[in-house]
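Everything below concerns the one structure shown next.
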Amino acid sequence: MKFNSIDELLNYTNNIIGKTFYEIDSENLLKNNKNLKHRKGVLGQVVETGFYKYPINNDPHADFDEIGVELKVSGYKISKTGKISAKERISLSKIDYNSIVNEEFNYSKLISKNSKILIIWYLYEKGKDIGDFKITDYQLYEMKKDKEVFKNDFNIIKNKVLEGKAHELSEGDTSYLGACTKAAKSTDRTTQPFSDIPAKPRAYSLKNSYLTGIFRNFKSSHNATNSNNFLSIEEYIYSKMRPFIGKNQVKILEELTGKKYENKVPKNINKMITDKMIGKDSELPNKSDLFTKTSFIIKNIPIKINGKPKERMAFRTISLSEFDDDWEDSDWKAYFEETTLLTILWQEPNNNSKNGERILKGVKKISFNDYDLSSFEKTYNKLKETIQKKDISLLPTPNSFENQYLEVAPKGIKGDDAYNNFFKKDKTKVGLMLNKNFLYEKLKN
DNA sequence: ACCTGATCATTG
DNA sequence: CAATGATCAGGT
């Protein structure tokens with residue numbers, strides 16, 4: 001099928017809404033070949049051949065070349081809380097560590113020949129036959145809008161390889177363009193030019209969170225592109241923080257609110273400040289496009305004069321039922337994989353100065369690599385086991401295994417007795433925390 | 001001086 | 001009124 005204009009393409013595409021993959025699979029790619037079912041990309045082929053009537057085995061990238069549009073078929077899921085998110089990243093070409101160091105950013109080569117992508121969205125439902133997934137939306141997206149961010153991301157990846165740190169690459173390093181792992185076996189490794197350490201093979205990808213952002217914007221048709229000039233989140237955060245850097249907590253809060261806090265320093269003073277100064281986590285997507293397309297969480301951490309953190313970093317309380325899922329499917333894995341922490345650093349002016357006196361120092365971006373995640377996985381599995389066996393002694397409290405980064409700690413209010421009441425209710429009074437040593441290592445580099 | 005369980009102030 | 005993002009503080 002050939003389209004002469006984008007309008008023509010979209011008019012035709014409108015007919016795909018409401019269909020399942022079985023319904024459009026005229027070539028019977030799904031029914032005839034059960035093995036194909038689990039192959040990635042088969043749904044894209046079904047749409048190409050069954051709906052757009054491209055011949056099978058057509059060059060997969062030709063798509064709608066004449067009108068400058070590339071086709072992507074992408075799943076999304078709806079969480080228990082009703083939030084929509086993309087199911088998977090879209091992976092692009094492989095990263096060649098040995099040649100990237102000599103390459104300059106080239107948008108058209110990296111993303112695609114075409115600047116627009118037509119995304120066909122289907123609703124992924126766990127346990128359902130993939131042929132029964134229903135297509136619910138289609139969306140034409142102009143990738144060029146994000147070109148400068150892609151360029152910045154590309155250079156982050158390139159610089160890491162230049163520093164001989166290809167093995168430390170992580171999807172959290174960048175904003176939109178990820179470096180996702182790409183290998184048949186998880187043990188596969190490849191060489192890198194400036195280090196002898198073998199690195200995992202990776203490909204460029206459009207990050208899951210980026211796709212999620214695109215789709216959420218589309219659904220809320222809040223397409224009012226709040227375009228701005230910031231290329232990275234750190235730059236954005238710094239622009240908000242700059243007037244306050246070097247001042248102490250009480251002074252900053254007083255400046256921001258006009259109230260006096262000298263005699264009574266709220267325990268959560270840092271969160272009050274960053275909420276006002278930068279924005280609440282829930283408001284961030286309205287502040288900059290960068291926030292809609294990447295999951296950022298602002299965290300405050302007090303540090304000592306020597307730069308070491310004074311405290312662990314706490315996350316929300318956990319529910320017993322969250323640990324029904326296997327790690328691979330768990331919300332916690334997705335959270336740590338995709339979230340980038342923006343750590344606001346508050347330094348003590350003297351040893352053991354009190355809350356309220358700490359000085360705003362700067363911001364540090366933290367994301368987690370595969371090595372970190374494999375340690376988190378152990379914590380997760382210990383929690384899962386604790387819950388399954390109803391045995392509190394198995395709980396991954398601090399130092400419950402070698403190289404533990406993520407630990408369980410109480411988080412309630414007076415009298416909660418979090419450990420003894422652990423099994424009483426689904427919503428527990430304990431939370432997950434990253435320990436100080438781990439945090440320090442992350443802050444250092 | 002640190003570790004780890006206990007507790008707090010504000011928020012939605 | 002409980003959850004969140006944090007800090008507090010007693011014991012070692």
Side-chain angles (χ1 to χ4, degrees), chain A residues 80-83 248-250 252-254 256-257 259-284 295-322 331-332 335 339 341-348 350-360 363 366 379 382 386 392-393 395-401 404-422 424-440 443:
Chain A
K80 292 150 218 156
T81 51
K83 269 200 178 173
N248 78 28
Q249 297 164 291
V250 168
I252 296 174
L253 187 60
E254 289 181 347
L256 285 167
T257 62
K259 293 182 195 156
K260 284 282 165 200
Y261 286 93
E262 225 155 338
N263 302 321
K264 191 166 158 277
V265 176
K267 200 164 170 177
N268 56 344
I269 184 167
N270 281 341
K271 196 62 185 171
M272 292 171 77
I273 290 171
T274 52
D275 279 358
K276 290 215 155 52
M277 189 169 66
I278 301 163
K280 298 177 182 175
D281 289 329
S282 62
E283 296 167 353
L284 294 179
S295 320
F296 285 100
I297 300 289
I298 293 179
K299 290 280 188 184
N300 291 285
I301 186 95
I303 57 173
K304 296 188 278 195
I305 291 175
N306 61 16
K308 292 194 179 186
K310 274 185 77 76
E311 296 286 352
R312 297 168 290 186
M313 181 182 282
F315 297 92
R316 58 158 225 273
T317 50
I318 57 174
S319 298
L320 301 179
S321 56
E322 284 182 299
D331 292 349
W332 282 107
Y335 180 83
T339 309
L341 307 178
L342 295 167
T343 313
I344 312 291
L345 304 172
W346 299 90
Q347 190 162 45
E348 294 190 311
N350 309 299
N351 285 328
N352 292 314
S353 30
K354 288 200 298 258
N355 194 19
E357 298 168 357
R358 295 168 192 152
I359 306 290
L360 179 58
V363 60
I366 294 181
T379 302
K382 276 188 178 284
T386 307
I392 196 72
S393 70
L395 210 60
T397 50
N399 284 309
S400 57
F401 60 88
Q404 180 182 14
Y405 304 145
L406 189 64
E407 58 198 37
V408 160
K411 233 177 136 317
I413 52 161
K414 190 170 179 181
D416 271 345
D417 202 0
Y419 289 156
N420 286 325
N421 294 322
F422 185 70
K424 287 242 169 78
K425 274 172 59 186
D426 187 50
K427 191 86 195 178
T428 68
K429 299 292 181 187
V430 309
L432 290 170
M433 300 196 188
L434 291 175
N435 74 31
K436 286 199 274 186
N437 282 336
F438 177 69
L439 229 39
Y440 182 52
L443 292 177

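In the text below, chain A, chain B and the rest are named by the order of the sequence lines, each starting its count at 1.
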Pick base, sugar-phosphate or nothing for A/Met313, based on heavy-atom distances below 4.0 Å to the nucleic acid. nothing
Side chain of A/Asp426, backbone of A/Ser321: donor and acceptor closer than 3.5 Å? yes
Given A/Leu342, which partner from the list A/Asn300, A/Ile366, A/Ile298 fulfils the side chain to side chain contact (heavy atoms under 4.5 Å, CB included) test? A/Ile298
Any donor-acceptor N/O pair, A/Thr343 side chain to A/Lys299 backbone, under 3.5 Å: no
Strand contacts (DNA chain B) in residues 298-311 of chain A, 4.0 angstrom heavy-atom criterion: A/Lys304
Hey, which of these two, A/Lys429 or A/Lys276, hits DNA chain B nearer its 5' end, going by closest nucleotide? A/Lys429
Quick one: does A/Asn435's side chain have a donor or acceptor within less than 3.5 Å of a partner on A/Gln404's backbone? yes
At 4.0 Å (heavy atoms only), tell me whether A/Lys354 reaches a base, stays on the sugar-phosphate, or touches nothing. nothing
Closest-nucleotide ordering on DNA chain C, the 5'-leading residue of A/Asn355 and A/Asp281: A/Asp281
For chain A and DNA chain C, what are the first and last nucleotides along the strand, 5' to 3', with at least one atom under 4.0 angstrom from a heavy atom of the protein chain? C/dA3 to C/dC8
For A/Gln249 and A/Arg358, indicate whether the former's side chain and the latter's backbone hold a donor-acceptor pair under 3.5 Å. yes
Using a strict heavy-atom distance below 4.0 Å, which residues from residues 407-418 of chain A are in contact with DNA chain C? A/Lys411
Shoot me the first and last contacting nucleotide of DNA chain B against chain A, ordered 5' to 3', at under 4.0 angstrom to non-hydrogen atoms. B/dC2 to B/dG12
Once side-chain hydrogen bond (donor to acceptor under 3.5 Å, both in side chains) is applied, do any residues pair with A/Asn420, and if so which ones, sequence neighbours excluded? A/Asp417
Run the salt bridge (Lys or Arg N to Asp or Glu O under 4.0 Å) test against A/Glu254 and tell me which residues pass, sequence neighbours left out. A/Lys260
Give the minimum heavy-atom separation between A/Gln347 and A/Lys304, together with the two atoms involved. NE2-O, 3.1 Å
Less than 4.0 Å between a side-chain N and a carboxylate O, is that true for A/Lys424 and A/Asp416? no
Parallel under 30°, tilted from 30 to 60°, perpendicular over 60°: which one fits the rings of A/Trp332 and A/Phe315? perpendicular
